[in-house]
Number of protein chains: 2
Amino acid sequence: MFGREVTTLTDVTERATLKGEQTRELILSTALRLFREQGYGKTTMRAIATEAGVSVGNAYYYYSSKEHLMQAYYDHLQDQHREAVASILATEKAFVPRLTGVLRTWLEVAAPYHEFAGTFFKTAAEPKSPLSPFSDQSRPAREASVEIFRQVVDGSDLKLPADLKAELPELLWLMQMGIVLFWVHDDSPALRRTKSLIDRSVPLVDRLLRLTRLPGVRGVVNDLTALIRTLKT
Amino acid sequence: MFGREVTTLTDVTERATLKGEQTRELILSTALRLFREQGYGKTTMRAIATEAGVSVGNAYYYYSSKEHLMQAYYDHLQDQHREAVASILATEKAFVPRLTGVLRTWLEVAAPYHEFAGTFFKTAAEPKSPLSPFSDQSRPAREASVEIFRQVVDGSDLKLPADLKAELPELLWLMQMGIVLFWVHDDSPALRRTKSLIDRSVPLVDRLLRLTRLPGVRGVVNDLTALIRTLKT
DNA sequence: CGTTCTACTTGAACGTGTTCAAAAGTGAGG
DNA sequence: CCTCACTTTTGAACACGTTCAAGTAGAACG
């Protein structure tokens, strides 16, 4: 159902029984509902188990920690975003509205979870955590996310030197991380500030990218992409 | 002793008794030692209390949570950085080595704590946490940090338009946040990767700043500073 | 049908951060 | 020296994430 299979303590085999799968999803959906209703911090594992009609231990049989339940939510959100973005990618070809649309769609999809998103980022910030956006374990989710931005770039009217074009999707992903960071801290009504950030920063990015044609700018950009490539390995 | 006074549950009056101050510092120094020796996660409040020869409750009388003990450490680190950086600011006037020196000094000062810095960032990432670098409560520490970068800019040979020069210290602070984020995830020997990031990104920033003289670039920069000013309020 | 193997489920118990009512100290005023 | 109000200190108790030894259920095999 959700994008990434969350690995459990016992490394469940691929062909789990039907009943097991049902229990797994029952626990997950109950957890997500309680997270939404009362926030992550106030939702206890005991409450999730009771509400789902199972024992605490059973919840841990399927999800090795409370954080993994949140991870499952994040995967869920990613999938929703991917779906919601398809129509924009299919129709809108101009770079600025194309990127703006993708970013604002994320905002819409994630809106219901804004309140406890802080908790997610809290655990995601820890380097050792599998939830960290930079960790090995979240690589599939990260690559799926970068892939969206690759489509944004490739399907747009942008004309760019090949090396920059190759790095751009990951840079845009990084930009989105920054926006999410801003979003998490944004408590303005209707997320006005984050929306404003998106609407104003995207044209700026666009203009910056077009500037790379200037000879003086070109050198700096080359060094920048070289630096990024070095650091990635 | 340390930069910021950590507020306690009972909002201790300014003139606390001598004995009280001693207990407070005993608890803090014991905590920091144990954090260093065994990491943040493995250090229990009970262990801190026992090692300091007081009761658990007493530790909570002075520091309202385990995180606040970490906050106290962070203030300590900031002060150390400020001191360590003074000689560079006094002597080195060229922008690139001046900024590089400040950033690398931070790395040196923070090195002993690299291992449990992840935990600090974990809690710092939560928006509601007073430890968040964007929170009101950490404003004094943040401003002190930005102030260092203001000195870096003002005392250097950089020639810049006034509006950009005014925003630059905060941008450099943001840059440092990014470097710290990288550092937290960096497990290369002797922090080679983070050092490389500093040594290569600073000249890049320098070149970028000098590019602002180009007419085409100037407009983008103006919009960028305008955007930042908007978002700050 | 009985046996056995595996997937699943249970809930008591543990460790740790945190709270709090009560005890112990401290010192100024009488 | 006593009293009273204050700060400081105590440690038992609580809540919650997590673990684990023990149990149940159902399928596969003889």
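Residue numbers begin at 1 in each chain, while the letters A, B, ... track the order of the sequences. Below, each value reflects all heavy atoms present in this structure, side chains not excepted, and no hydrogens, waters or symmetry copies.
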Before you tell me yes or no, could you show the steps for Lys232(A) and Glu170(A) under salt bridge (charged side-chain N to carboxylate O under 4.0 Å, His left out), namely the whole-Å CA-CA distance, both residues' side-chain angles and the distance that decides it to 0.1 Å? CA-CA 11 Å; Lys232(A) 259 199 324 213; Glu170(A) 275 182 319; 2.6 Å; yes
What's the verdict on salt bridge (charged side-chain N to carboxylate O under 4.0 Å, His left out) for Glu51(A) and Arg33(A), showing C-alpha distance, side-chain angles and the deciding distance? CA-CA 10 Å; Glu51(A) 196 78 0; Arg33(A) 177 167 61 79; 3.3 Å; yes
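As rounded to whole Å, 15 Å separates atom C1' of dT16(C) from atom CG of Leu69(B). Atom NZ of Lys66(B) and atom P of dG17(C) are 4 Å apart (whole Å). One atom, CE of Met45(A), and another, P of dT19(D), lie 10 Å apart when rounded to the nearest Å. Atom NE2 in His68(B) sits roughly 16 Å away from atom P in dG17(C) (whole-Å rounding). Distance Ile48(A) CD1 to dG11(C) C1': 17 Å, rounded to the nearest Å. Gln38(A) places its CD atom 14 Å from the C1' atom of dC16(D), with the value rounded to the nearest Å.
Checking Gly57(A) against Lys42(A), the closest nucleotide of DNA chain D that is more toward the 5' end is the one next to Lys42(A). Nearest-nucleotide positions on DNA chain C place Val54(A) closer to the 5' end than the other of Val54(A) and Arg46(A).
Proximity note for Ser55(B) (side chain, C-beta onward) versus dT18(C), dG17(D), dT9(D): the nearest is dT9(D).
Within the structure, a side-chain polar atom (N or O) of Tyr60(A) is placed less than 4.0 Å from OP1 or OP2 of dT18(D). Applying the 4.0 Å criterion to OP1 and OP2 of dA15(D), one finds that Thr44(A) has every side-chain N and O outside that range. In terms of phosphate contacts, Tyr62(A) brings a side-chain nitrogen or oxygen within less than 4.0 Å of OP1 or OP2 of dT9(C). In this model, the phosphate group of dT9(C) is not approached by any side-chain N or O of Tyr61(A) to a distance below 4.0 Å at OP1 or OP2. Between Thr23(A) and dT9(C) there is a side-chain N or O to OP1 or OP2 distance below 4.0 Å. Between dT8(D) and Asn58(B), no contact under 4.0 Å exists linking OP1 or OP2 to a side-chain N or O.
The existence of a salt bridge linking Glu108(B) and Arg104(B) is excluded, since no basic side-chain nitrogen approaches an acidic carboxylate oxygen closer than 4.0 Å.
Helix bend of the helix from dC1(C)-dG30(D) to dG30(C)-dC1(D): the angle between its two end axes, each built from five pairs, comes to 20° after rounding to 10°.
The ring of Tyr73(A) has its center closer than 6.0 angstrom to the ring center of Tyr113(A).
Going from atom CG of Leu224(B) over to atom CD of Glu167(B) covers 9.0 Å, rounded to the nearest 0.5 Å.
Looking at Arg200(B) and Thr230(A), their side chains do bring a donor and an acceptor atom within 3.5 Å of each other.
Under the ring pair (Phe, Tyr, Trp, His ring centres under 6.0 Å) test applied with His114(B), the options Tyr40(B), Trp183(B), Trp106(B) reduce to a single match, Trp183(B).
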